[in-house]
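Step one of this worksheet: look at the structure below.
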Amino acid sequence: MNSMQIRRTGIAVAAAVLLPFALAACSDSSGDTKAAPAAAGDPAAAGAGESAPADATAMDQPFGPACAGVPKEGAGSFDGMAKDPVATAASNNPALSTLVAAVKKAGLVDTLNNAKDITVFAPTNDAFAKIPKADLDKVLADKATLTKILTYHVVGQKLTPEQLGNGSFETLQKGMVTTKGSGEAYKVNGTAGVVCGNVKTANANVYIIDTVLMPK
């Protein structure tokens with residue numbers, strides 16, 4: 001019996017010694033489990049998560065070589081154009097004066113200014129200059145043809161640069177335009193290059209292009 005008592009006493013003592021370590025181990029294990037989600041609050045992790053909006057903001061700015069020629073201040077600046085509907089905004093940009101004159105001849109000023117959430121591929125004066133003068137004068141004198149050409153440059157939704165990467169969009173003229181590219185280099189219908197893109201107006205995103213698009 002003495003032997004049995006000694007063994008029981010030894011087991012009890014061992015249990016008393018080991019139990020705190022076991023509890024401590026369980027406590028540490030539980031703490032490790034809770035520590036994993038806490039990593040999400042790690043400053044490095046938070047910094048990585050915040051980089052996306054910063055990049056998105058950068059991509060949301062106008063881009064392209066012709067953007068350098070846009071006035072820094074006034075109604076024709078990027079800030080000024082953002083306050084006006086698209087036809088009015090374009091009229092404040094000297095590089096788009098031929099387009100504005102064509103829009104007026106076609107009677108589309110109110111149509112464009114009152115439209116909601118559109119994209120306009122806006123040919124520069126140099127783009128119109130590529131068309132032989134006799135042909136351009138003929139088109140400008142034909143309201144029906146002019147309207148078809150101009151509405152072919154308008155898409156009924158606001159397009160982001162990312163959407164232009166490999167896109168196909170219906171225009172107000174009911175024809176389709178295709179876009180391809182990346183970064184700051186995009187083509188429309190494979191021929192017209194975007195020279196100043198992602199310009200914001202009150203009701204439209206504008207991509208200024210170097211070639212007039214012709215309906216297919």
Side-chain angles (χ1 to χ4, degrees), residues 62-70 76 78 81 84-113 115 117-161 163-182 184-201 203-216:
F63 62 85
C67 292
V70 174
F78 291 130
M81 292 178 72
D84 291 323
V86 64
T88 301
S91 70
N92 293 319
N93 188 325
L96 301 177
S97 59
T98 304
L99 172 63
V100 171
V103 168
K104 289 179 179 178
K105 280 183 175 290
L108 293 174
V109 172
D110 289 340
T111 299
L112 294 178
N113 276 348
D117 297 333
I118 59 175
T119 292
V120 176
F121 295 104
T124 62
N125 295 344
D126 289 340
F128 280 99
K130 292 179 182 180
I131 302 173
K133 188 177 185 305
D135 294 341
L136 180 59
D137 288 344
K138 184 177 180 180
V139 168
L140 292 174
D142 184 342
K143 185 175 180 179
T145 299
L146 183 59
T147 298
K148 287 180 180 178
I149 292 173
L150 293 176
T151 53
Y152 183 66
H153 289 73
V154 184
V155 173
Q157 60 177 305
K158 283 187 176 181
L159 300 177
T160 65
Q163 288 175 288
L164 300 187
N166 188 16
S168 180
F169 310 99
E170 185 177 75
T171 69
L172 296 192
Q173 182 266 341
K174 300 305 181 184
M176 303 295 292
V177 293
T178 59
T179 59
K180 286 189 178 181
S182 62
E184 297 187 357
Y186 295 92
K187 289 281 189 181
V188 184
N189 285 356
T191 56
V194 174
V195 294
C196 184
N198 207 29
V199 178
K200 305 296 177 61
T201 75
N203 66 329
N205 285 353
V206 178
Y207 294 88
I208 300 174
I209 55 177
D210 62 6
T211 302
V212 177
L213 305 174
M214 292 297 176
K216 297 180 179 179

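Since we're looking at a predicted model, the values are computed, not measured.
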Considering all heavy atoms of both residues, which atom of Ala204 and which atom of Val86 are nearest to each other, and what is their separation?
CB-CB, 3.9 Å
Under a plain distance cut-off of 3.5 Å, with no hydrogens placed, do Asn205 and Thr160 share a side-chain donor-acceptor pair?
no
Between the side chain of Thr98 and the main-chain N/O of Phe128, is any donor-acceptor distance below 3.5 Å?
no
Would one find more than 12 heavy atoms of other residues, nucleotides or ligands at under 6.0 Å from atom NZ of Lys200?
yes
Rounded to the nearest 0.5 Å, what separation is found between the CD atom of Gln173 and the NZ atom of Lys148?
7.5 Å
Among Asn92, Asn203, Thr201, Asn113, which one satisfies side chain to side chain contact (heavy atoms under 4.5 Å, CB included) with Asp84?
Asn92
Roughly how far, to the nearest 0.5 Å, is the OG1 atom of Thr119 from the CG atom of Asn198?
9.0 Å
d(Ile149 CD1, Ile131 CD1) to nearest 0.5 Å is 7.0 Å
State, with a plain yes or no, whether a side-chain heavy atom of Pro85 is found less than 4.5 Å away from one of Leu112.
no
Thr179 versus Val194: any side-chain heavy-atom pair under 4.5 Å?
no
Where Gly76 and Val70 come nearest, the two heavy atoms and their spacing
O-CG1, 3.4 Å
Least distance between heavy atoms, Val195 atom then Thr124 atom
CG2-CG2, 4.3 Å
Here the pair of heavy atoms bringing Ile209 nearest to Ala127 is O-CB, 4.0 Å
So which atom in Gly165 and which in Tyr186 form the shortest heavy-atom distance, rounded to 0.1 Å?
N-CE2, 4.0 Å
Separation between NZ (Lys143) and OG1 (Thr145), nearest 0.5 Å, reads 12.5 Å
Note: Ala122 and Leu99 closest approach over all heavy atoms is CB-CD2, 3.6 Å
Give a yes or no on whether the backbone of Pro215 and the side-chain of Asn189 come within a donor-acceptor separation of less than 3.5 Å.
no
Do His153 and Val177 have side-chain heavy atoms sitting under 4.5 Å apart?
no
Check: Gln157 and Asp117 side chains under 4.5 Å, non-hydrogen atoms:
no
How many angstroms lie between atom OG1 of Thr178 and atom CZ of Phe169, to the nearest 0.5 angstrom?
9.5 Å
To the nearest 0.5 Å, how far apart are CG in Asp142 and CG in Asp137?
12.5 Å
Residue pairs meeting side-chain hydrogen bond (donor to acceptor under 3.5 Å, both in side chains), one or both in residues 206-216, sequence neighbours left out, come to Lys130-Thr211
Pairs involving residues 101-110, ordered by first then second residue, that meet side-chain hydrogen bond (donor to acceptor under 3.5 Å, both in side chains) (sequence neighbours left out)
none
Check: Ala95 main-chain N/O paired with Asn93 side-chain donor or acceptor under 3.5 Å:
yes
Any chance NZ of Lys158 has more than 12 other-residue heavy atoms, nucleotides or ligands included, within less than 6.0 Å?
yes
